[in-house]
Asker: 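Structure incoming, see below.
For ligands, and for the atoms within them, numbers begin at 1 and follow the listed sequence.
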Amino acid sequence: MIRESELILNPDGSIYHLNLKPEQVATTIILVGDQNRVARISSHFDTIEHQVQKREFCTHTGTYKGKRLTVISTGIGPDNIDIVINELDALFNIDLETRQPKKELTSLNFIRFGTSGSLQADIPVDSFVLSSHGLGMDNMLHSYCDIHQVTEKEIEDAFIKHTNWNEHKGRPYIVACGETLKKKLLTSEVFEGITGTAPGFYGPQGRVLRLAVQDSELNDKLHNFKHNNFRMTNLEMETSAIYGLSKLLGHQAVSLNVIIANRTNGTFTKDTKQAVEKLIVFGLNQIAKNV
Ligand code: R1P
């Protein structure tokens with residue numbers, strides 16, 4: 001039995017941070033960073049059956065072209081992903097009455113609709129990237145056992161060597177996307193590659209304002225890193241954590257990002273709202289058609 005301090009429920013029986021009960025969540029879940037993006041996505045829904053918000057975790061559940069979907073905001077960063085994925089998994093795979101893991105597990109689909117910075121000149125602002133892998137520079141997954149079962153040691157070692165990675169920043173981890181889900185979402189208009197997930201926006205992504213960074217050449221090294229057929233396409237702050245926890249828990253995850261900044265040529269999208277809207281329409285239609 002999982003004790004009250006470990007699996008915390010609110011007085012109404014909902015799970016602690018997300019404020020959700022099992023019946024309020026669909027098995028296909030769209031994850032976004034920005035809480036205002038939730039209503040922008042659900043404005044496309046046919047119906048909305050449930051809405052709730054606690055802190056940065058805003059959730060709408062409804063249907064889009066007849067398909068039941070949940071959209072939830074995670075806020076920024078891998079630490080929040082730890083909360084969101086664990087609590088969503090618990091809603092399906094732990095009996096909240098008996099506080100025991102269920103014998104029959106439900107596999108969920110997690111699809112991130114995010115914004116991101118491109119690491120390649122030929123991946124321009126306003127284009128879409130699907131992450132073949134999440135490359136975690138954030139350390140979150142190292143709190144769990146058996147991560148070697150879901151991580152790609154060979155690519156990690158190549159990356160550590162290529163970047164001369166500073167061990168004080170922890171070991172980068174690499175997890176592939178959910179292949180079944182990827183096949184349902186990828187089209188020829190979407191770039192595919194390795195997405196770097198950073199534990200911060202400025203120093204950890206090589207942005208210098210007033211503080212010098214530990215490795216001023218890191219972004220060039222990311223730009224140049226290739227392994228087999230994959231190169232690093234983009235940088236953001238959630239994908240590796242979503243991929244790692246999803247794989248460990250038996251779920252399928254795919255991260256789709258619209259590029260709003262290009263870090264190699266210093267450009268930024270002219271209209272972020274429009275760029276995100278384009279991704280929303282593309283992603284929702286792919287889900288409705290294929291997932
Ligand atoms: C940083 O501005 C935030 O934007 C990106 C990063 O991953 C980070 O969360 O994604 P979202 O637009 O989904 O929040």
Side-chain angles (χ1 to χ4, degrees), residues 17 29-42 53 55-60 69-85 88 110-119 123 125-131 133-141 172-173 175 177 185 190-191 193-209 218-219 222 232-246 253-263 266-284 287:
H17 296 94
I29 300 163
I30 298 167
L31 304 171
V32 301
D34 178 2
Q35 52 196 275
N36 294 324
R37 202 175 300 151
V38 173
R40 283 168 62 187
I41 293 175
S42 70
Q53 172 149 15
R55 300 186 186 231
E56 59 265 65
F57 309 112
C58 174
T59 305
H60 291 186
L69 298 175
T70 288
V71 52
I72 182 164
S73 56
T74 63
I76 290 178
D79 46 353
N80 278 14
I81 296 300
D82 181 61
I83 291 173
V84 172
I85 302 284
L88 287 171
F110 291 115
I111 303 154
R112 166 168 155 79
F113 289 2
T115 64
S116 181
S118 169
L119 290 164
I123 304 182
V125 293
D126 301 335
S127 59
F128 302 154
V129 174
L130 185 151
S131 313
H133 300 78
L135 189 159
M137 299 178 272
D138 58 275
N139 284 317
M140 191 281 286
L141 207 65
Y173 64 92
V175 184
C177 67
L185 296 172
V190 178
F191 290 92
I194 304 170
T195 295
T197 295
F201 188 76
Y202 291 97
Q205 293 184 44
R207 287 188 173 93
V208 178
L209 300 184
L218 182 62
N219 281 6
L222 300 183
M232 284 197 72
T233 44
N234 60 315
L235 264 182
E236 46 77 271
M237 298 178 63
E238 290 82 19
T239 295
S240 63
I242 295 171
Y243 282 11
L245 285 178
S246 296
V254 161
S255 180
L256 274 174
N257 281 280
V258 61
I259 298 301
I260 58 168
N262 188 300
R263 303 295 305 286
T267 51
F268 194 80
T269 180
K270 300 235 165 351
D271 189 343
T272 311
K273 204 170 165 191
Q274 193 49 39
V276 171
E277 184 61 25
K278 225 180 89 193
L279 178 72
I280 292 170
V281 170
F282 170 81
L284 281 176
I287 293 171

Asker: Specify the protein heavy atom at minimum distance from atom 9 (O) of ligand 1: its residue, its atom name, and the distance to 0.1 Å.
Answerer: Glu238 OE2, 2.6 Å
Asker: What distance do Leu31 atom CG and Arg112 atom CZ have between them, rounded to the nearest 0.5 Å?
Answerer: 8.5 Å
Asker: Look at atom 4 (O) of ligand 1 and say which protein heavy atom is nearest, naming residue and atom and giving the distance to 0.1 Å.
Answerer: Thr115 OG1, 3.4 Å
Asker: Looking only at distances, can you tell me whether any N or O atom of Ile76, backbone or side chain, sits closer than 3.5 Å to an N or O atom of ligand 1?
Answerer: no
Asker: Report the relative orientation of the aromatic rings in Phe57 and His17; use parallel for angles under 30°, tilted for 30 to 60°, perpendicular for over 60°.
Answerer: perpendicular
Asker: Counting each atom of ligand 1 from 1 as listed, which ones have a heavy atom of Gly114 under 4.0 Å away?
Answerer: 13 (O)
Asker: Apply the side chain to side chain contact (heavy atoms under 4.5 Å, CB included) test between Ile280 and each candidate in Ile41, Val258, Val71; give the one that qualifies.
Answerer: Ile41
Asker: Which ligand 1 atoms does Arg37 reach within 4.0 Å, using its non-hydrogen atoms?
Answerer: 11 (P), 12 (O), 13 (O)
Asker: Considering the options Glu56, Arg55, Gln53, which one meets the side-chain hydrogen bond (donor to acceptor under 3.5 Å, both in side chains) requirement together with Gln35?
Answerer: Gln53
Asker: When rounded to the nearest 0.5 angstrom, what distance separates OG in Ser42 from CG in Leu69?
Answerer: 10.5 Å
Asker: Could you tell me the residue and atom name of the protein heavy atom closest to atom 2 (O) of ligand 1, and the distance to it rounded to 0.1 Å?
Answerer: Phe201 CE1, 3.7 Å
Asker: Nearest to atom 14 (O) of ligand 1, what protein heavy atom do you find, and at what distance?
Answerer: Gly33 CA, 3.3 Å
Asker: Counting heavy atoms only, which of Gln205, Met237, Arg112, Glu236 is nearest atom 10 (O) of ligand 1?
Answerer: Arg112
Asker: Strictly by modelled atom types, are Ser240 and Asp138 linked by a side-chain donor-acceptor pair under 3.5 Å?
Answerer: yes
